[in-house]
Amino acid sequence: MSPHRWHAIEALFSRAVELDSAARSLFLDVACRTPDDAPDADLRREVERLLALDPDAQAFFGPDELPSGA
């Protein structure tokens, strides 16, 4: 993973972890985009993976809202 990609993941995680699950989902819908504005599923998956590992972030997930593979 490039340093630039890691910085993007870290920045998105830092913002997303402060949001409740509904706001977080909307935030990730908008923020996880490629430079040509297409959805970046890999970026979103990496941010969601970090969120699933964070105990404070998990408090915002309902039982059916954990990302797959977490």
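Just so it is clear, the structure is predicted and the values come from calculations on it, not from any experiment.
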Minimal heavy-atom distance between L51 and R24, with the atoms involved, is CD1-CD, 3.4 Å
Side-chain heavy atoms of R33 within contact of D40, under 4.5 Å: no
Could you tell me if the side chain of S25 sits less than 4.5 Å from the side chain of R44, heavy atoms only? yes
Side-chain ion pair, R49 and E46, N-O less than 4.0 Å: yes
N/O donor-acceptor pairs under 3.5 Å from side chains in residues 7-16, not counting sequence neighbours:
residue : atom : partner : partner atom : Å
S14     : OG   : E10     : O            : 3.0

For D36, give me all partners under salt bridge (charged side-chain N to carboxylate O under 4.0 Å, His left out), at least two apart in sequence or on another chain. none
Are L28 and W6 joined in one hydrophobic group, where the rule is that I, L, V, M, F, W and Y side chains link up if heavy atoms are under 4.5 Å apart? yes
